[in-house]
Amino acid sequence: MKNRTRKWHTKSNFSIHLDNPSFRQPRLLIYGKFDPVKRWVKEFESSIHKGSPNFACKLNTINQCTRNAHLSGSKLGLGCWLGVSFFSGCTSISSPVAHSMDGEDHFIHFWDSVLKTLLPLKPEKNFKSYVETCVSILKNLTNQWAVTQGSVLHGHLLKKGVFSERYIAVKFLIMYLNSRKSAEANEIVKEFNGFDVIVHNCLISANLKGGNLDKARKLFDEMPERNEVSWTALISGFMRYGKVEESMWYFERNPYQNVVSWTAAICGFVQNGFSFEGLKLFLKLLESGVRPNKVTFTSVIRACAELGDFKMGMSILGLIVKTGLESNVSVSNSLITFFFRMAEITLARRVFDEMKERDVVSWTAILDIHVEMGDLLEARRIFDEMPERNEVAWSAMIARYGQSGYPEESLELFRRMVEEGVRPNVFCFSFVLSALASMKAMGTGMSIQGHLIKTGMGKDVSCSISLIELYSKCGEIKDARVVFDLILQKNVVSWNAMISGYSLNGKIEEAQKYFSIMPARNNVSWSIMIAGYLDNKEFDKVFEVYNEMLLVGESPNKSTFSSLLCACASIPSLEKGKDLHGKAVKLGFQLDVFVGTALIDMYAKAGDIESSKLIFNSMPKKNEISWTAMLQGLAESGFVEESLKLFQEMERSSSVSPNELMLLSVLFACSHSGLVDKGLEYFNSMETVYGIKPKARHYTFVVDMLCRAGRLSEAEDFIESMPFQPETNAWAALLSGCKTYKKEVLAEKVANKLSKMAEKNPAACVLLSNIYASSGRWKDVVNVRKLMKEKNLKKSGGCSWVELRNQVHSFYSEDGSHSQSADIRDILELLRFEMRPFQRFTD
DNA sequence: CGGTACCCTA
């Protein structure tokens with residue numbers, strides 16, 4: 001069911017709304033930098049001017065800083081005040097990640113400073129607020145796993161005699177349980193002197209948090225009496241681990257059916273993907289006369305968003321208004337996302353704008369809307385000016401920068417995140433690792449891996465997947481394999497990453513091996529294999545795997561189609577291509593940039609340039625590759641003027657800038673239409689205007705262009721003045737120019753040059769032997785061939801193939817490997833015999 | 001001492 005929602009809000013829904021003026025116009029003007037801590041530190045400084053700060057002033061400052069511990073300036077502010085330099089340890093380290101890892105220390109320093117200020121204070125001055133402050137610090141320490149600082153506070157409170165309060169003892173118990181400090185936890189349990197419902201509840205929920213479901217159940221069963229909290233803890237705990245049936249077993253037997261336990265069950269359904277059942281349970285709740293509260297509504301609204309049920313959502317909104325909860329922060333937060341998922345972006349914005357009070361989730365929700373729509377600039381603006389950021393907001397930005405081709409920015413944000421004391425979760429780590437993978441920054445990736453191993457996240461699937469990606473991209477496939485082997489719970493995605501790594505490193509057999517033994521495959525697995533065979537130019541295998549994929553009932557995705565179409569373009573097979581085009585339209589992929597581009601290329605290579613143009617013009621989004629394919633298609637199909645016109649149009653009207661391949665097409669077009677001077681002009685402006693350094697292939701095209709126009713001496717000068725070794729093809733172009741324009745002297749010169757190169761260059765050998773053959777110098781031909789054999793030079797052979805009943809048969813020259821090779825040769829002999837009378841026409 | 005909304009890997 002989760003998948004259904006994901007599929008439902010595709011990007012195409014939003015492109016319409018992006019242009020909606022009512023959404024565009026009102027910019028988010030409510031931003032404003034808000035950092036109360038800075039204000040408090042300022043007030044504190046002014047009180048120093050008046051004299052030394054008193055108890056109330058110090059306590060107040062601690063409270064403010066603790067309450068706003070998440071804010072960026074707070075740690076710095078308090079640190080400066082206490083004379084602790086938070087950045088002392090980090091300025092000397094230049095590596096961004098080493099820098100980040102030190103963030104943990106800043107964060108510990110922060111709490112050390114807080115305690116250093118708190119401990120000398122005398123509680124008698126205002127006992128009540130002193131205790132309140134301690135409890136608030138303790139809560140933060142528990143959330144942030146600062147158990148060392150927690151035990152310092154614990155000892156201090158014992159000494160001061162504040163610890164007698166029962167509820168404080170419970171909070172320490174929870175802290176110790178969460179940090180798995182069983183000795184300390186047992187100590188506190190002992191002090192409670194026997195059975196206590198609350199202590200037992202704490203034990204149960206700690207076990208549930210750690211995943212020990214059986215232990216939790218046992219503790220629950222052993223309890224002589226239970227309260228409503230015991231039941232709800234169990235219900236929600238089982239839901240958290242996907243045990244919906246067990247959870248409902250307890251729900252139905254729960255003697256205290258209050259809102260909280262109802263909400264736990266409803267929410268559990270929604271979180272496990274059973275939103276419809278969640279809604280049904282909500283209706284039952286209404287029937288039973290229990291009044292839903294804000295938490296219930298947030299879960300139910302989320303269920304409507306997951307189901308895409310706008311009407312139901314609006315009915316529930318009616319109920320919300322009736323109960324007076326429409327201005328509640330959490331409820332509004334869920335409504336923002338609900339409207340966004342319904343593509344009602346204006347409504348989502350209105351909910352946000354009309355909120356009297358916003359929290360970090362509200363900001364993250366509105367941030368995510370911009371991120372999802374691809375408006376990265378505006379998203380960044382919101383992100384920078386948000387009053388508070390949590391790991392969700394950070395990870396949304398880090399992920400999106402990485403995916404949009406800005407891995408450096410992704411890494412920089414990650415560094416800042418850790419520096420500001422926000423603890424990254426496994427998702428965050430995997431985002432930043434995949435950004436590093438696209439930068440091929442193995443060293444930095446390894447230091448993050450070190451951190452992951454140290455903190456016990458080294459075997460996590462999502463992090464490991466990104467690590468596999470990183471090592472494969474850097475060519476360290478063995479290391480990728482080590483990471484893969486260590487994953488505790490391998491899922492399909494991790495297998496896919498491994499297969500794709502092998503394929504990327506040219507080990508298609510290994511990829512095939514893993515593909516065949518993986519326990520479960522999805523369409524991505526199949527696509528990876530198809531793309532792998534495509535990279536290896538084994539086109540018959542491409543279609544073989546595709547047919548097998550269809551046979552097992554797996555549905556191809558967009559990337560499958562672009563690989564298949566690319567294979568069609570390489571063969572080229574118009575029939576297969578058209579067939580795939582039809583299927584793509586049926587599945588709604590024809591508007592996709594990658595599929596569209598592959599179609600353009602396929603039709604162009606198959607000679608149907610009209611169809612290419614039709615597709616190009618109908619594409620709603622074109623990227624650099626689409627333009628390149630179209631320009632190349634036009635130029636190579638002989639539509640040179642149109643190709644040049646399109647290039648100019650692109651420069652004028654699109655944000656795409658010219659690349660190497662486009663300039664090759666332009667030079668090709670100029671060469672084939674006799675526009676030599678225009679071509680030279682383009683070539684000379686490559687570096688100055690477009691910032692592209694010409695490659696050997698560009699030089700070859702210019703040589704070809706000059707030769708075609710008969711400007712042979714110019715071509716010779718050009719080839720001699722090249723800053724690097726010319727391609728063999730450049731010499732070939734010059735030679736064929738000599739042949740056309742009967743320049744025998746020059747031809748002889750070129751041949752001499754080639755014979756010098758022939759030692760190492762198989763292409764030069766072939767060219768040379770062709771020259772000798774054409775002038776009847778058979779002895780020289782044999783010498784060249786002998787040279788090739790001695791030096792073990794091999795030219796990659798030409799290959800031809802035919803397509804029969806969904807199978808591609810390929811043949812190399814002198815190739816007898818086909819199973820029906822003998823029969824084929826017999827037929828060929830027969831055909832040759834029958835064609836003999838026409839032979840004089842073929843020469 | 002129990003229940004929530006925002007982010008989620010190829």
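No experiment lies behind these values; they were computed from the predicted model shown. Computed from heavy atoms alone, side chains included, the values below leave out hydrogens, waters and symmetry copies. Here is how names work: the chains are called A, B, and so on, in the same order as the sequence lines, proteins then strands, and each is numbered from 1.
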Open item on the list: Do the side chains of Glu306(A) and Arg302(A) get close enough for a salt bridge, i.e. N-O under 4.0 angstrom?
Closed with: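 Answer for the salt bridge query: yes.
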
[X], nearest nucleotide to its side chain (from [options]):
X	options	value
Thr263(A)	dC6(B), dC7(B), dG3(B)	dG3(B)
Ser462(A)	dT9(B), dA5(B), dC7(B)	dT9(B)
Ile198(A)	dC6(B), dC1(B), dG3(B)	dC1(B)
Asn522(A)	dG3(B), dT4(B), dA10(B)	dA10(B)
Val170(A)	dC1(B), dA10(B), dG3(B)	dC1(B)
Thr298(A)	dG3(B), dA10(B), dA5(B)	dA5(B)
Thr364(A)	dC7(B), dC6(B), dG2(B)	dC6(B)

- [ ] Tell me whether the OP1 or OP2 atom of dT4(B) has a side-chain N or O from Gln271(A) closer than 4.0 Å.
- [x]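 True: Gln271(A) side-chain N/O within range (under 4.0 Å) of dT4(B) OP1/OP2.
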
May I have the distance from [X] (atom [atom1]) to [N] (atom [atom2]), rounded to whole angstrom?
X	N	atom1	atom2	result
Asn272(A)	dG3(B)	CG	P	15 Å
Phe338(A)	dC6(B)	CZ	P	13 Å
Phe429(A)	dC8(B)	CZ	P	18 Å
Ile235(A)	dT4(B)	CD1	P	12 Å
Asn390(A)	dC6(B)	CG	P	12 Å
Arg302(A)	dC6(B)	CZ	P	5 Å
Asn254(A)	dG2(B)	CG	P	16 Å
Leu433(A)	dC8(B)	CG	P	17 Å

Centroid separation [X] to [Y] less than 6.0 Å:
X	Y	answer
Tyr250(A)	Phe220(A)	yes
Phe484(A)	Trp495(A)	yes
Trp526(A)	Phe515(A)	yes

Open item on the list: Is it the case that over 12 heavy atoms from other parts of the model lie below 6.0 angstrom from the CZ atom of Arg180(A)?
Closed with: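 Not more than 12 within 6.0 Å, no.
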
With a non-hydrogen cut-off below 4.0 angstrom, is [X] in contact with a base, only sugar-phosphate, or nothing?
X	result
Lys171(A)	sugar-phosphate
Phe297(A)	nothing
Glu469(A)	sugar-phosphate
Ile528(A)	nothing
Ser466(A)	nothing

Task: Side-chain H-bond candidate by donor/acceptor type, Glu554(A) with Asn523(A), under 3.5 Å - done: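 No, because no side-chain N or O of Glu554(A) sits under 3.5 Å from a partner of the opposite role on Asn523(A).
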
- [ ] Tell me which residues in residues 330-337 of chain A put a heavy atom below 4.0 Å from DNA chain B, sorted by number, or none.
- [x]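 Close to the strand are Ser330(A), Asn333(A), Thr337(A).
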
Task: Heavy-atom closest contact (Phe338(A) atom, Gly313(A) atom, distance) - done: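 That would be CZ-CA, 3.6 Å.
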
Open item on the list: Name the residue from Glu187(A), Lys181(A), His154(A) that meets the side-chain hydrogen bond (donor to acceptor under 3.5 Å, both in side chains) definition with Tyr176(A).
Closed with: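 In the set Glu187(A), Lys181(A), His154(A), the residue that makes a side-chain hydrogen bond (donor to acceptor under 3.5 Å, both in side chains) with Tyr176(A) is His154(A).
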
TODO: Assess whether one donor atom and one acceptor atom, taken from the side chain of Asn227(A) and the base of dG2(B), lie less than 3.5 Å apart.
DONE: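 When only heavy-atom distances are counted, Asn227(A) does not reach the base of dG2(B) through any donor-acceptor pair under 3.5 Å.
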
